[in-house]
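Predicted model only: the values in this text are computed from it and were never measured. Chain identifiers are assigned alphabetically (A, B, ...) following the order of the sequence lines, protein sequences preceding nucleic acid strands; residue numbering begins at 1 within each chain.
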2 protein chains.
Amino acid sequence: MTLDAPLLAPPSAPARGLARYAGLAAQWRDAITSGRWAPGSAVAAEQRLAEQHSAALGTVRQALALLAAEGLIERRHGHGTFVASAIVGAPMLRFFRFGDGAQAPNSAVPQSVVLQRRVVKASAAVARALSLSQPQDVLRLDRLRLLAGAPRLLERIWLRLPECAALLQHPSADWGDLLYPALARLCGVHVHRAQDDIQFAELSKPDASHLGLPAGHPCALVQRRAFDLSGQAVELRHTRGDARAFRYTVEIR
Amino acid sequence: MTLDAPLLAPPSAPARGLARYAGLAAQWRDAITSGRWAPGSAVAAEQRLAEQHSAALGTVRQALALLAAEGLIERRHGHGTFVASAIVGAPMLRFFRFGDGAQAPNSAVPQSVVLQRRVVKASAAVARALSLSQPQDVLRLDRLRLLAGAPRLLERIWLRLPECAALLQHPSADWGDLLYPALARLCGVHVHRAQDDIQFAELSKPDASHLGLPAGHPCALVQRRAFDLSGQAVELRHTRGDARAFRYTVEIR
DNA sequence: AAGTGGTCTAGACCACATC
DNA sequence: ATGTGGTCTAGACCACTTG
């Protein structure tokens, strides 16, 4: 038996090696990373998206599932679909276990003290980490993190300018103990992804004195690059803490 | 408008808070972890599974997608669906970067030399790690891993008995440089998941001499627990290497 | 050519959250 | 009560892999 006409109409735009759902996802991914869809805002209902794009519900759902897996949207049953907000942070403390009473992994947010805040010329290494094409100014912070009053982590932070310039116009006491929520609130910079590189080192004399440890004491050094929704690197951070307190668990497969 | 009869028949087994696809996945998950479906073997085609269980193709696919995400099956377009085999290993070397010529992350499999192989009574810590209810015998291995002839990692390994007893009946030279493939081939134990716990420590005098380092030298200590398909812990491994060569990258979100 | 997984449709019904 | 995402069906067609 042959058919004179296909039972189903072919897709209006003939897929160029790209599945329909992948195309929709790409389109919406761009809307998010470009900021046209604001972080935290609601996305149109599946049904409505399906009508708008003349696609079946299942196809729309497949596209949304892809974006959800990428962490760009969050779906809430019976409520709606929302553009991802900035991560509150990937606590540096998860790399350490300081035996402060509780033996459970520390859940408290460490107190933050900003030691220094100034604009400096980016070194070659910093420029590379922040994808700066030319030598350019960056915002440099030194920050001490304390747990139960005891200094535990020393952070050296470089932030992209002019994106993060608004931090300069507020006293650091107003930032709160977490940097990323402050970046989102004050600068409109939403940190969405980060990459931590861990190695072992020894404390310089000045670094050691901040942490109340002897010079040359072994430390863990965590080098982080943080990226905004568009994938642009916005922060480089070097965090140092006592090597004896370092503890990290990796799940394989 | 009311309907005298539902357009679609209700599921034969009324879901007890469990989605149909989740039930199918649970059933097949059990078949895999119990060994009824052998690692590497082919699973029946989607169409056939759908007929067998009187379910729609989409539902079967949803169940299989779940198992694929868990790493229990592997799907190959145009070929078939296969039960996952044992992982070849989560190379310990991924935690280290030894500057042997190439600066790229070492991809070569390090040579293995078994220093010691014997049956010992499990200590309390080992018994806990391997979920042994009573004090029981375990297979203890000491192994040195070499890169370009240079000793780089020292491993202390405890294996569950009697599961891994077959290793005792073959000369260690026949095992090859990777333990997990040997466990699968000789013992029928398929390592499917592992958990690595990282910390910094100092080398004891005997350990240091094996690695050609001075006693007290800082080292990275990776404590691994490896699990078979059923989730049973089968291996505990302590790996030590020069802390200065330690380097690890974590992706957040 | 035959068999497999991957995409897409069109629709019904269910479960959850909010007003 | 209404609207949202989640489940399920039944079927057609596409793309890939192998004999």
Inset, instruction - Would you classify B/Gln47 as touching base, sugar-phosphate or nothing, given that sugar-phosphate means primed atoms plus P, OP1 and OP2, and contacts are heavy atoms under 4.0 Å? - result: nothing
Inset, instruction - Tell me which nucleotide among C/dG6, D/dG5, D/dT7 gets nearest to the side chain of A/Glu46. - result: D/dG5
Inset, instruction - Report the distance from atom CG of A/Leu57 to atom P of C/dC14, rounded to the nearest whole Å. - result: 17 Å
Inset, instruction - Return no unless some side-chain N or O of B/Thr81 is found under 4.0 Å from OP1 or OP2 of C/dT4. - result: no
Inset, instruction - Measure from the side chain of A/Tyr21, starting at C-beta and using heavy atoms only, and say which of D/dT7, C/dC16, C/dT7 lies closest. - result: C/dT7
Legend entry - side-chain N/O B/Arg20 vs C/dC14 OP1/OP2, d < 4.0 Å: no
Inset, instruction - Could you check how far CG of B/Leu24 sits from C1' of D/dT9, rounded to whole Å? - result: 14 Å
Inset, instruction - Look at all strands and tell whether A/His79 reaches a base, only sugar-phosphate, or nothing, counting heavy atoms closer than 4.0 Å. - result: sugar-phosphate
Legend entry - Whole-Å gap separating P (C/dG11) and CD (A/Glu51): 11 Å
Inset, instruction - State whether a side-chain donor-acceptor pair under 3.5 Å links B/Gln232 with B/Arg160. - result: yes
Inset, instruction - Have a look at A/Arg76 and say if it touches a base, only the backbone sugar-phosphate, or nothing, with a 4.0 Å heavy-atom cut-off. - result: sugar-phosphate
Inset, instruction - Go through D/dT7, C/dT7, C/dG6 for me and flag the one nearest to the B/Gln62 side chain. - result: D/dT7
Inset, instruction - Using atom CG of A/Leu18 as one end and atom P of D/dC14 as the other, report the distance to the nearest whole Å. - result: 17 Å
Inset, instruction - Mind calculating the distance between CZ (B/Phe82) and C1' (C/dG3) to the nearest angstrom? - result: 12 Å
Legend entry - Out of D/dT7, C/dT4, D/dG6, whichever nucleotide has its closest atom nearest the side chain of B/Ala45: C/dT4
Inset, instruction - Give a yes-or-no answer on whether the side chains of B/Gln199 and A/Tyr248 include a donor-acceptor pair shorter than 3.5 Å. - result: no
Legend entry - Electrostatic pair B/Arg145-B/Glu155, nearest N-O below 4.0 angstrom: yes
Legend entry - Other residues, nucleotides, ligands: >12 heavy atoms within 6.0 Å of B/Arg76 CZ: yes
Inset, instruction - Report the nucleotide, chosen from D/dG6, D/dT7, C/dT7, that has the shortest atom-to-atom distance to any side-chain atom of B/Arg61. - result: C/dT7
Inset, instruction - Let me know the distance between NE2 of A/His53 and P of C/dT9, rounded to the nearest Å. - result: 12 Å
Inset, instruction - Measure from the side-chain heavy atoms of B/Ala19 and tell me the nearest of C/dG6, C/dA17, D/dT7. - result: D/dT7
Legend entry - Presence of B/Thr59 side-chain N/O under 4.0 Å of D/dT9 phosphate oxygens OP1/OP2: yes
Legend entry - d(NE2, B/His77; P, C/dT7) in whole Å: 8 Å
Legend entry - Closest listed nucleotide, where the reference is the side chain of A/Ala56 and the choices are C/dT9, D/dC8, D/dC16: C/dT9
Inset, instruction - Before accepting this row, confirm whether a basic side-chain N of the pair A/Asp196/A/Arg94 lies closer than 4.0 Å to the acidic partner's carboxylate O. - result: yes
